[in-house]
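To start, the structure itself, in structure tokens.
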Amino acid sequence: MTFAGKTMFISGASRGIGLAIAKRVAADGANVALVAKTTEPHPKLPGTIYTAAKEIEEVGGQALPIVGDVRDGDSVEAAVAKAVEQFGGIDICVNNASAINLGSIEEVPLKRFDLMNGIQIRGTYAVSQACIPHMKGRENPHILTLSPPIRLESQWLKPTAYMIAKFGMTLCALGIAEEMRAAGIASNTLWPRTLVATAAVQNLLGGDEAMARSRKPEVYSDAAYAVLSKPAREFTGHSLLCEDVLLDSGVTDLSVYDCIPGSELGLDLWVDTPNPPGYPGA
């Protein structure tokens with residue numbers, strides 16, 4: 001499977017995991033339309049939509065940076081229309097845009113609640129809805145949403161606001177899988193077992209110490225590449241974990257993704273162990 005000539009529409013890919021996924025398919029010669037809000041450098045967040053586009057083109061892809069807000073339906077529709085006008089259609093839709101606040105119900109104000117649920121749930125719905133008409137009839141159309149498996153054990157039902165937002169993304173993706181099954185459009189979710197070295201981990205989850213206990217963003221991008229390579233009509237409706245996907249695709253040593261080899265890895269939310277059952281160290 002190669003993504004040469006295929007078109008990906010991805011939300012929030014100015015940096016981190018989204019950019020890594022975009023560059024992974026771009027290395028095959030894919031077209032990437034990326035919609036994001038970051039146009040000017042941020043003191044704590046590396047990259048803008050324009051630096052991301054440059055990186056995508058440097059690895060061999062074609063990039064179309066589009067400034068937009070995934071919460072705004074008209075903005076999303078316009079962004080998708082630009083992508084279709086330039087590239088002729090959409091083969092892959094990746095719902096990556098997300099906001100994070102791990103505060104409790106006593107700490108997260110409604111404005112921040114609305115921001116997270118607007119970006120995560122409304123954004124996933126809006127981007128998917130706008131892309132679907134342009135994915136029908138494509139050779140192997142996939143929607144991939146970066147959200148966790150839904151875990152209803154008591155310890156995973158908090159923090160309330162962030163839990164609702166991320167589970168909402170997954171519910172949206174799984175609903176789309178059933179509605180689009182007959183059309184042959186796959187919809188799956190993907191989530192890492194461990195922390196992944198991103199600006200969010202650096203800034204919100206423990207700084208350098210947390211980064212040292214993380215895996216590289218490539219653990220996500222390589223897993224995404226494997227999922228997007230699967231037959232869309234046969235592989236849909238799954239909530240997947242990156243490391244499981246990689247082992248299933250033939251990777252034998254997950255330590256190549258560790259930021260610091262041999263370090264004790266930190267678990268991501270909604271995950272019990274850093275490695276799949278049966279893998280050394282699980």
message = When you measure from the side chain of T236 to the backbone of S187, do you find a donor-acceptor pair of N or O atoms at a distance under 3.5 Å?
response = yes
message = Would N95 and S128 count as a side-chain hydrogen bond (donor to acceptor under 3.5 Å, both in side chains) here? Give the steps.
response = CA-CA 8 Å; N95 293 300; S128 301; 3.0 Å; yes
key: Contact check, side chains of I185 and K136, non-hydrogen atoms, under 4.5 Å   = yes
query = Do the side chain of N188 and the main chain of F235 share a donor and acceptor less than 3.5 angstrom apart?
reply = yes
ask   = Who pairs with P149 by side-chain contact (heavy atoms from CB on, under 4.5 Å), at least two apart in sequence or on another chain?
value = W191, S239, L241
message = Any salt bridge linking D28 with K6? Criterion: basic side-chain nitrogen under 4.0 Å from a carboxylate oxygen.
response = no
query = For V80, which of V35, I66, I90 qualifies under side chain to side chain contact (heavy atoms under 4.5 Å, CB included)?
reply = I90
key: Shortest non-hydrogen contact from M116 toward N101   = SD-N, 3.3 Å
query = Under 3.5 Å, is there a donor-acceptor pair between the side chain of D248 and the main chain of D244?
reply = no
key: Heavy atoms of other groups near Y125 OH, more than 12 under 6.0 Å   = no
ask   = Are N140 and D91 side-chain neighbours, meaning at least one heavy-atom pair lies under 4.5 Å?
value = no
Other residues, nucleotides, ligands: >12 heavy atoms within 6.0 Å of Q155 CD = yes
ask   = Salt-bridged, E218 to K216, with N to O below 4.0 Å?
value = no
ask   = Should the ring pair Y225 and F3 be called parallel, tilted or perpendicular, given that the plane angle runs from 0 to 90° and is split at 30 and 60?
value = perpendicular
ask   = Taking C-beta and beyond as the side chain, do I21 and L146 meet within less than 4.5 Å on heavy atoms?
value = yes
inquiry  = Do the side chains of K82 and E85 get close enough for a salt bridge, i.e. N-O under 4.0 angstrom?
reply    = no
inquiry  = Treating E107 as the side-chain partner and S104 as the backbone partner, does any N or O pair qualify as donor plus acceptor under 3.5 Å?
reply    = yes
task = Please check if the side chain of R215 supplies one atom and the backbone of Y257 the other of a donor-acceptor pair under 3.5 Å.
result = no
